[in-house]
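Notes follow once the structure below has been shown.
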Amino acid sequence: MPVSNQHSTIIDSRDTTLPITACSTCGNARCLIKKNLGSTIVNTFTQHRKEIRCKKGQQFIMEGAAVTGLFFLLKGTVKVIRTGLHGKEQIVRFAKEGEVIGHRGFGTEESYPIGAIALEDSLLCYFSKDLLQEVLRTEPSFTYDLMLFYANELSKSEVKVKSLSQMTVRERVIDTLLYVNRKFGQEHGFMAQVLSRREYADYAGTTEEQVIRVLSALKKEQLIVTKGKRIGIVNLQLLKNEISEHNFYLDS
């Protein structure tokens, strides 16, 4: 399993001596597993899952490692990364509770084309590749839901590639702010997920220096407020209007 041993704890769901969250009591209604618990086949296969506890900053999928299965985020937040030109880290997306991680390598791929790092202490459900393939061959409703998930992910990827090629640096930074705001929401006037300026740059496809300059300009225009690493959106509609032609709302 592509999981670093540093600060990680793997819990087998069949070990009743350790606390584990049952799929039936999980609050992540968007989870593909949760949605298909009515199936006897899916319900049985969840008994063989494992839970993985990761500390903040823990990398639990290594880019290029052999594909062993899929991860479902039970608690916490994660950034999905890949290596770009000259070894530069690129953030493909962010994930929150109920979302799938590692699906880009699942299927015919032999290695993960992405890596994944916990942005905060997180809890993941892990399902082995062999077990998942067996369920997909025998449970049509689960297979159909997974197919729709992949189709939606492909659509988002295509929109992002097109938008990045057409957007200015300012528009890409604004798009990133809106994406993080939609994904994680706000708390006390600031976006709930705290990210570094480097992480904003790695998602927007620009440099940290350019992100700092754009944020400074947006702050002067009273479109955002900042407090340390925290960013709050003051005028959401004006930011949306700046990039409305790029269909910002298609990616969440």
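Between the side chain of D121 and the backbone N or O of K55 there is no donor-acceptor pair closer than 3.5 Å. R172 places a side-chain N or O within donor-acceptor distance of the main-chain N or O of A204, the cut-off being under 3.5 Å. Side-chain N or O atoms of S216 include none that pairs as donor or acceptor with a backbone N or O of I212 at under 3.5 Å. Using modelled atom types, one side-chain atom of E63 and one backbone atom of T83 make a donor-acceptor pair closer than 3.5 Å. A donor-acceptor pair is defined here as one N or O able to donate and one able to accept, closer than 3.5 Å; such a pair exists between the side chain of T143 and the backbone of L136. Between the side chain of S244 and the backbone N or O of N241, at least one donor-acceptor pair lies under 3.5 Å.
Residue Y144 qualifies as open at atom OH: its count of foreign heavy atoms under 6.0 Å is 12 or below. The neighbour count for K88 NZ, taken as heavy atoms of other residues, nucleotides or ligands under 6.0 Å away, is above 12.
Expressed to the nearest 0.5 Å, how far CG of L218 lies from CD1 of I231 amounts to 9.0 Å. Here the CD1-CE distance, from I224 to M191, works out to 7.5 Å after rounding to the nearest 0.5 Å. In this structure, CD on E97 lies 11.5 Å from SG on C31, to the nearest 0.5 angstrom. Atom OG in S128 sits 5.5 Å away from atom CG in D130 (nearest 0.5 Å). R197 CZ to E208 CD: the interatomic distance, rounded to the nearest 0.5 Å, is 9.0 Å. Once rounded to the nearest 0.5 Å, the distance linking CD1 of I174 with CG of L238 reads 10.0 Å.
No option in F184, Y203, Y200 other than Y203 meets the ring pair (Phe, Tyr, Trp, His ring centres under 6.0 Å) test with Y179. The side chain to side chain contact (heavy atoms under 4.5 Å, CB included) with C125 is formed by just one residue from the set L73, L74, I52; it is L74.
Residues F142 and M147 are members of separate hydrophobic clusters, defined by side-chain heavy-atom contacts under 4.5 angstrom among Ile, Leu, Val, Met, Phe, Trp and Tyr. A continuous path of hydrophobic side-chain contacts links L146 to L132 [ILVMFWY only; heavy atoms under 4.5 Å]. The cluster map of Ile, Leu, Val, Met, Phe, Trp and Tyr, joined by side-chain heavy atoms under 4.5 Å apart, puts L131 and L70 in the same cluster. L236 and V225 are members of different hydrophobic clusters when ILVMFWY side chains are connected at heavy-atom separations under 4.5 Å. Both V169 and L239 are members of a single hydrophobic cluster when ILVMFWY side chains are connected at heavy-atom separations under 4.5 Å.
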- Walk me through it: do R93 and I101 pass the test side-chain contact (heavy atoms from CB on, under 4.5 Å)? CA-CA 10 Å; R93 69 184 180 103; I101 305 161; 4.2 Å; yes
- side-chain contact (heavy atoms from CB on, under 4.5 Å) between L223 and E242, worked out: CA-CA 11 Å; L223 295 174; E242 278 209 41; 4.3 Å; yes
- N181 vs L177, side-chain contact (heavy atoms from CB on, under 4.5 Å): CA-CA, chis, key distance, verdict: CA-CA 6 Å; N181 186 65; L177 290 173; over 6 Å; no
- Step by step, would you call V173 with Q210 a side-chain contact (heavy atoms from CB on, under 4.5 Å)? CA-CA 9 Å; V173 174; Q210 287 176 317; over 6 Å; no
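For the 3.5 Å distance criterion, the side chains of Q222 and N235 fail to qualify, holding no donor opposite an acceptor. No hydrogens or angles considered: nothing links the side chains of E120 and S122 as a donor-acceptor pair under 3.5 Å.
The shortest non-hydrogen separation linking M167 to E171 is CA-OE1, 3.3 Å. In terms of heavy-atom proximity, F94 sits nearest to L195 at CZ-CD1, 3.7 Å. In terms of heavy atoms, R230 sits closest to V194 at NH1-CG2, 3.0 Å. The shortest heavy-atom contact between L124 and C54 is CD1-SG, 3.7 Å. Contact between A116 and V78 at its shortest, heavy atoms only, is CB-CG1, 4.0 Å. Of all heavy-atom pairs between N36 and S141, the closest is OD1-OG, 3.4 Å.
Relative orientation of the F127 and F72 rings is perpendicular, given thresholds of 30° and 60° on the angle between their planes. Relative orientation of the Y126 and F71 rings is tilted, given thresholds of 30° and 60° on the angle between their planes.
Looking only at side-chain heavy atoms (C-beta outward), F149 and H103 come within less than 4.5 Å of each other. The closest side-chain heavy-atom distance from E89 to K79 is below 4.5 Å. R82 places a side-chain heavy atom less than 4.5 Å from the side chain of I114. Looking at heavy atoms from C-beta onward, D202 lies out of side-chain contact with Q90 at the 4.5 angstrom threshold.
Checked for salt-bridge contact, E199 and K229 miss the test: no charged N lies under 4.0 Å from a carboxylate O.
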